[in-house]
Amino acid sequence: MSKKTLPFGKEKLEEIIETYPTPFHIYDEKAIVENARALKAAFSWNKGFHEYFAVKAAPNPFLMKILKAEGFGADCSSLPELMLAEEIGVVGEDIMFTSNDTPADEMIKAKKLGAIINLDDISHIEFLEKSAGLPELVCFRYNPGELKEGNAIIGNPTDAKYGFTKEQLFEGYKMLKDKGVKRFGIHTMVASNELNPIYFIETAEILFNLVVEISNELDITFEFVNIGGGIGIPYKPEDNAVDLNIAGQGIKDAYERIIENSGLPELRLYMECGRMVTGPYGYLVNTVRHIKETYKTFIGLDGCMADLMRPALYGAYHHITVAGKEDQPAECTYDVTGSLCENNDKFAIDRKLPAIEIDDLIVIHDAGAHGHAMGFNYNGKLRSAELLLRTDGSVVEIRRAETEADYFATLDFRALKNFPITMEK
Ligand SMILES: *Cc1c(COP(=O)(O)O)cnc(C)c1O
């Protein structure tokens, strides 16, 4: 069971709203830092342990700067994500560039920053060599295919577009060795939002065994194993968070059994978690605008699926708290909706909640990853602000809300004025 509590009460929210109107995302700095420390502690047995925060989960440089101070690097997969990392001074091997279908300019930027380039396909060896030149250190992403079952978000590994087959790994590392590459890493990631710690132990075992096999066959030395992200979060109150110490201890045992026993040199363990780093510590705060009674009762919020699309996209559950009514019984049934002209713009369907009134503050939990980040402008919706609840209780805006001017910024209205209609009547 996970406790679904808020780091602020209704009064605090009302005070925040005087400056920053709803809807907004707000992140809890203290909780983010405490969780980051717990993750590091669980893997501290590995001297080279390093977490690369998957920037896509919450691409806000203020959050990234907090994580940098905790020693986290950045896992990037696009040029703007690389630029965000550079902006906060995360460069060199503190960047893991795990991309796919990658354009040449991104390879060039990653190489320039000295990032660890994690190739998604064997054909990308030549692509990288021709576009940016081969760096001294190269990593491959492995796709275990039928060896491992995926889960709902990523799907079956054999259907997944990511990574090398096992045969391609041997061939690829041999090609690198022949081309003079001296430093090697290996990566895999085949699940997302996984709550079973055993899963991560098995993933590490697969990579440790591959390292032994490939090292022996090709006579190359691996420096690190990157087990990817995918640690889930307890979205539902009845879910349990991944016990990081079970995962950490299990991977340690596998490391001793497989790597230490093989007599290979020490390996650094890398992770690139995103969701679990910020997800549970971000909240989407909305105000009730309308209450509509037809065949059902609909609560209309000022926030919509452009602020958090996971429920509409995956049918995902996000817990909801009505601020100030935490202790009232959940005896009413509501569809909690936004204003987008899409009937799936619903944060919750048939959700039991305390009786709701207009102007109530509705807080949606676990919006700190893939929340604001997945925002979009369809239907003329503007993206909300992002706020940070600091450790001293103060609140700062770490990204302002979009305005209509932002929405129109890519249009040229002057050109429109002089725009002739060419099709004659
Ligand atoms: C999304 C992603 C991650 C982070 O996954 P989480 O489930 O957020 O931990 C890590 N690596 C890659 C390559 C990704 O695409």
Side-chain angles (χ1 to χ4, degrees), residues 27 32 35-36 38-40 42-43 50-60 63-64 67 72-82 84-85 90 94-102 106 110 115-121 124 139-144 148 150-155 157 160-164 185-197 199-200 203-204 207 224-235 239 241-242 244 247 251 269-282 308-310 313-314 316 366-374:
Y27 305 89
I32 288 175
N35 178 64
L39 180 68
K40 277 189 302 189
F43 293 95
H50 204 38
E51 151 71 10
Y52 293 84
F53 172 59
V55 174
K56 75 170 189 278
N60 186 301
L63 298 177
M64 289 167 70
L67 294 169
F72 285 16
D75 172 43
C76 303
S77 61
S78 67
L79 187 56
E81 289 182 1
L82 287 170
L84 279 175
V90 169
D94 271 336
I95 300 177
M96 183 70 60
F97 186 57
T98 302
S99 60
N100 69 93
D101 190 20
T102 315
E106 299 191 358
I116 300 175
I117 298 181
N118 188 9
L119 295 181
D120 185 62
D121 185 57
H124 297 182
C139 182
F140 291 157
R141 178 173 189 163
Y142 171 51
N143 180 330
K148 192 126 178 79
N151 70 5
I153 294 184
I154 289 203
K161 65 172 176 169
Y162 308 113
F164 290 53
I186 188 166
H187 164 273
T188 197
M189 161 144 183
V190 287
S192 186
N193 197 26
E194 178 60 54
L195 288 172
N196 182 355
Y199 187 91
F200 302 97
T203 301
L207 289 184
F224 68 83
V225 154
N226 177 352
I227 61 171
I231 295 184
I233 61 179
Y235 285 103
D239 289 341
V242 172
L244 296 175
I251 293 173
L269 180 70
Y270 290 171
M271 279 181 129
E272 43 185 41
C273 292
R275 185 191 308 273
M276 67 85 71
V277 177
T278 52
Y281 316 113
L308 175 68
M309 74 186 294
R310 297 189 71 259
L313 190 61
Y314 314 118
D366 302 309
H370 318 129
H372 190 282
M374 278 190 182

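We number each residue from 1, following the sequence as shown. Both ligands and their constituent atoms are indexed starting at 1 by order of listing.
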**Item:** Polar atom proximity, G229 to ligand 1 (N or O, under 3.5 Å)
**Value:** no

**Fill in**
dist I116:CD1 -> Y270:OH (nearest 0.5 Å) comes out at 4.5 Å

**Message:** Looking at ligand 1, is there an atom of it that comes within less than 4.0 Å of some heavy atom belonging to R141?
**Reply:** yes

**Asked** Judged by atom type as modelled, is there a donor-acceptor pair below 3.5 Å linking the side chain of R141 to the main-chain atoms of M189?
**Response** yes

**Asked** Is the closest heavy-atom distance from G230 to ligand 1 below 4.0 Å?
**Response** yes

**Request:** Considering only non-hydrogen protein atoms, determine which one is nearest to atom 14 (C) of ligand 1 and report residue, atom name and distance to 0.1 Å.
**Result:** K56 NZ, 2.9 Å

**Prompt:** For the residue pair F72 and F53, is the inter-centroid distance of their aromatic rings smaller than 6.0 Å?
**Reply:** no

**Asked** Between Y162 and N143, what is the shortest heavy-atom contact and its length?
**Response** O-ND2, 2.8 Å

**Request:** Provide, to 0.1 Å, the distance between atom 13 (C) of ligand 1 and the closest protein heavy atom, together with that atom's residue and name.
**Result:** T98 CG2, 3.2 Å

**Prompt:** Taking distance alone, with no angle check, do D75 and ligand 1 share an N/O pair under 3.5 Å?
**Reply:** yes

**Fill in**
When every non-hydrogen atom of S77 is compared with those of T98, the smallest separation belongs to CB-O, 3.2 Å

**Prompt:** Is ligand 1 under 4.0 Å from a heavy atom in the side chain of A54, in the backbone, in both, or in neither?
**Reply:** side chain

**Complete:** Correct closest heavy-atom pair for N35 and M276 would be ND2-O, 3.0 Å

**Prompt:** So which heavy atom on M309 is nearest to which on M374, and how close?
**Reply:** SD-O, 3.5 Å

**Asked** Taking E51 for the side chain and C273 for the main chain, is one N or O donor matched with an acceptor at less than 3.5 Å?
**Response** yes

**Message:** Can you report which non-hydrogen protein atom sits closest to atom 5 (O) of ligand 1, along with the distance?
**Reply:** M189 CE, 3.3 Å

**Asked** Where on V277 is there a heavy atom closer than 4.0 Å to ligand 1, on the side chain, on the backbone, on both, or on neither?
**Response** neither

**Message:** For the 3.5 Å polar cut-off, considering only N or O atoms, please tell me whether R275 and ligand 1 meet it.
**Reply:** yes

**Item:** Atom indices of ligand 1, in the order listed, that fall short of 4.0 Å to a heavy atom of C273
**Value:** 9 (O)

**Between H50 and N226, a side-chain donor and acceptor under 3.5 Å** = no

**Message:** Show the atoms of ligand 1 that are less than 4.0 angstrom away from any heavy atom in G274.
**Reply:** 4 (C), 6 (P), 8 (O), 9 (O)

**Asked** When you measure from atom 11 (N) of ligand 1 to every protein heavy atom, which one gives the shortest distance, and what is it?
**Response** E272 OE2, 2.7 Å

**Any S192 heavy atom less than 4.0 Å to ligand 1** = yes

